[in-house]
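Working notes for the structure below.
So that the names make sense, note that chain A is the first sequence line, chain B the second, and so on, each numbered from 1. Side chains are part of it too, since the values below use all heavy atoms of this structure and drop only hydrogens, waters and symmetry mates.
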Amino acid sequence: MSTEQPDVDVEPEEDLPEQMRIRRDKRERLTDAGMDPYPVQVPITSTIAGVRAAYPDLELDVATGEKVGIAGRVMFVRNTGKLCFATLRSGEGTELQAMLSLANVGEEQLDSWKALVDIGDHVFVSGEVITSKRGELSVLADTWSMAAKALRPLPVAHKPLSEDTRVRQRYVDLIMRPEARQMARTRVATVAALRRSLDSRGFLEIETPMLQTMHGGATARPFVTSSNAFDLELFLRIAPELFLKRAVVGGIERVFEINRNFRNEGADSTHSPEFAMLEFYQAYADYRDVAALTRELIQEAALAAVGTLEVVHADGSVHDLSGVWPEISLYGSTSDAVGVEITPMTGRAELLALCSKAGIEVQPTAIAGKLVEELFEHHVIDSFEGRPVFVMDFPVDTSPLVRDHRTDAGKVEKWDLYVNGYEQATGYSELVDPIIQRQRLVEQAALGAGGDVEAMRLDEDFLRALEYGMPPSGGVGLGIDRLLMTLTGLGIRETILFPLVKPER
RNA sequence: GCGCCGCUAGCUCAAGUGGUAGAGCAGCUGACUCUUAAUCAGCGGGUUGUAGGUUCAAGUCCUACGCGGCGCACCA
């Protein structure tokens with residue numbers, strides 16, 4: 001963590017903006033005066049929140065007699081001649097006023113405070129808890145010291161940071177925007193609720209490989225890397241599915257994982273190259289069972305994280321997550337919207353004509369199932385308003401890991417859950433027949449050999465596992481970032497604390 | 001990957017048709033013992049994203065590149 005680039009200028013002082021030069025100079029002056037700008041410790045006795053909690057409603061101009069030592073970041077200063085005020089804030093956002101009066105701290109300390117403390121510095125203040133004449137809860141300092149000098153000025157508190165700065169310098173965003181701090185906590189609350197819900201239903205959380213010798217479990221383009229020690233090409237996983245199923249074969253019949261997937265594809269307001277996903281598998285359940293469980297998980301997470309099932313976004317849109325969610329048929333809803341009966345038997349030529357008529361651009365090589373999904377996305381999705389919708393029963397040729405529908409030929413037992421206009425989760429009755437699974441993966445491998453970079457590969461070890469017998473199971477993949485988007489109304493890059501961004505310069 | 005728009009002080013933004021680059025906050029100096037987007041007086045701060053080009057003159061026009069946003073394509 002400290003290999004200097006050879007061409008890095010170690011002493012860039014001359015080129016620095018004025019405000020950074022001044023702050024560096026103050027750091028020197030602190031050192032020269034024997035005041036450590038970065039002490040290893042400051043003797044705090046309370047947190048800012050602790051002081052506030054201890055004195056929730058004092059009258060104006062009260063002295064409590066209690067002495068405390070507190071530390072916080074200076075967010076705002078009002079220096080008058082002999083009495084200085086500063087607003088200190090702790091990391092979670094609680095604020096407390098510090099007051100330094102000539103009478104209490106003496107001329108030397110008051111002068112050094114005025115000369116050396118900037119907005120953004122972490123300072124320590126020791127003194128009595130009082131309220132000011134205006135009633136502001138304050139610590140009237142006997143002494144102060146620097147806890148950590150800030151060398152860069154904070155942005156203007158009253159103007160919104162540019163989106164670019166917020167994402168690239170999330171640390172500044174977290175300092176400046178309560179919403180950014182809240183997002184970090186909402187995310188934790190959501191993930192914790194999902195874990196709690198699954199744990200209470202007997203699911204076991206496991207961790208499966210991020211580095212895989214063979215990518216599978218989804219149709220997506222992987223990131224490629226390599227192991228020096230093994231002289232081996234490796235892939236960052238695009239999904240944990242094939243390993244979680246191995247676990248089910250091994251007897252972990254209720255299993256889940258919450259972790260990152262990596263897909264080497266485009267990024268926009270609903271896609272991030274690395275994204276968090278919950279996958280869970282339940283033996284002796286089918287796709288309807290796991291659909292019901294998915295709804296419960298989302299409802300429980302919403303209540304835990306945002307306290308309501310009627311989520312209102314900043315744009316005023318209302319997303320009602322309560323109750324039982326409607327189901328529609330993929331083929332049925334698409335047929336209705338297009339005005340032509342579409343079934344798994346509908347030919348490619350007719351589907352291509354329907355796409356073309358609707359102005360949908362499709363790959364000339366697209367298979368029939370893909371075309372049906374295109375028609376569905378083009379004609380039906382926009383009609384979902386504010387309610388989550390389960391879209392039931394997908395084409396077999398786009399779903400190589402899903403069991404054939406028990407009654408409808410050409411379909412598989414798969415649903416997609418649409419919330420807020422995007423795919424929030426998908427669930428299957430899992431394909432557990434090793435012979436059929438092998439045929440499907442051989443077809444995928446053929447697509448891959450034909451140049452389809454998203455096709456799955458033939459994972460012999462996965463097939464070997466299935467050959468030992470996997471119980472009938474339902475499985476679900478649920479996007480964590482997208483759930484956060486639903487719960488907060490924000491874009492995916494706001495739900496991820498440190499999303500991938502291109503380097504500056 | 002393609003198209004459109006943007007990039008100006010530490011931050012957020014201004015600067016008809018090309019003519020000496022400005023404001024608010026922040027900063028510096030001074031005043032002020034109850035302020036809380038403090039107030040008052042004064043003062044600094046810019047390679048206008050980068051590199052070229054046109055022009056007497058470029059923040060402004062042209063070209064390329066970088067980064068971002070939006071739309072399209074791909075995907076969840």
Considering only side-chain heavy atoms of [X], which listed nucleotide, [options], is closest?
X	options	answer
A:Lys26	B:G27, B:A76, B:U33	B:G27
A:His158	B:C67, B:U36, B:A37	B:A37
A:Ser101	B:U36, B:C74, B:U33	B:U33
A:Asp118	B:C28, B:C34, B:G68	B:C28
A:Leu102	B:C34, B:C67, B:U33	B:U33
A:Thr80	B:U36, B:G68, B:C32	B:C32
A:Arg168	B:C32, B:C67, B:A76	B:C67

[M] and [N], which share atom name [atom1], separated by this distance in whole Å:
N	M	atom1	value
B:U63	B:C25	P	40 Å
B:A37	B:G1	P	48 Å
B:U60	B:U50	P	11 Å

key: Those residues that, when tested against A:Phe203, pass ring-ring contact (aromatic ring centres under 6.0 Å, His included) (two or more places apart)   = A:Phe280
Considering every strand and a 4.0 Å limit on heavy-atom distances, what is the contact class for [X]: base, sugar-phosphate, or nothing?
X	result
A:Thr87	nothing
A:Asp481	nothing
A:Thr219	sugar-phosphate
A:Tyr422	nothing
A:Asn79	base
A:Gln97	base
A:Met277	nothing

task = Please name all residues satisfying side-chain contact (heavy atoms from CB on, under 4.5 Å) with A:Pro209, sequence neighbours left out, ordered by chain then number.
result = A:Gln212, A:Phe243
request  = Just jot down the side-chain contact (heavy atoms from CB on, under 4.5 Å) partners of A:Thr186, sequence neighbours excluded, or say none.
outcome  = A:Gln182, A:Thr190, A:Ala305, A:Val306, A:Leu484, A:Thr488
query = Any sub-3.5 Å donor-acceptor pair from A:Thr398's side-chain atoms to A:Phe394's backbone N or O?
reply = no
message = Tell me whether A:Asn104 contacts the main-chain N or O of A:Ser101 through its side chain, where contact means a donor paired with an acceptor under 3.5 Å.
response = no
key: A:Arg24 CZ - B:C28 C1' separation (whole Å)   = 18 Å
request  = Find the distance A:Lys502:NZ to B:C65:P and express it as a whole number of Å.
outcome  = 12 Å
Taking atom types as modelled and ignoring hydrogens, do the side chains of [X] and [Y] form a donor-acceptor contact shorter than 3.5 angstrom?
X	Y	value
A:Gln299	A:Arg295	yes
A:Ser473	A:Tyr428	no
A:Arg482	A:Thr495	no
A:Tyr422	A:Asp416	no
A:Glu128	A:Thr64	no

request  = Map A:Ala220 and A:Ile119 onto RNA chain B by nearest heavy atom, then report which one ends up closer to the 5' terminus.
outcome  = A:Ile119
Under 4.0 Å protein heavy-atom contacts per nucleotide of nucleotides 2-13 of chain B, with B for base, S for backbone only and - for none = --------BBS-
ask   = Residues from residues 482-494 of chain A sitting under 4.0 Å of RNA chain B, heavy atoms only?
value = A:Arg482, A:Arg493
task = For RNA chain B, list all stems, counting runs of three or more consecutive pairs where every pair is Watson-Crick or G-U wobble with both distances under 3.5 Å.
result = B:1-7 with B:66-72, B:10-13 with B:22-25, B:27-31 with B:39-43, B:49-53 with B:61-65
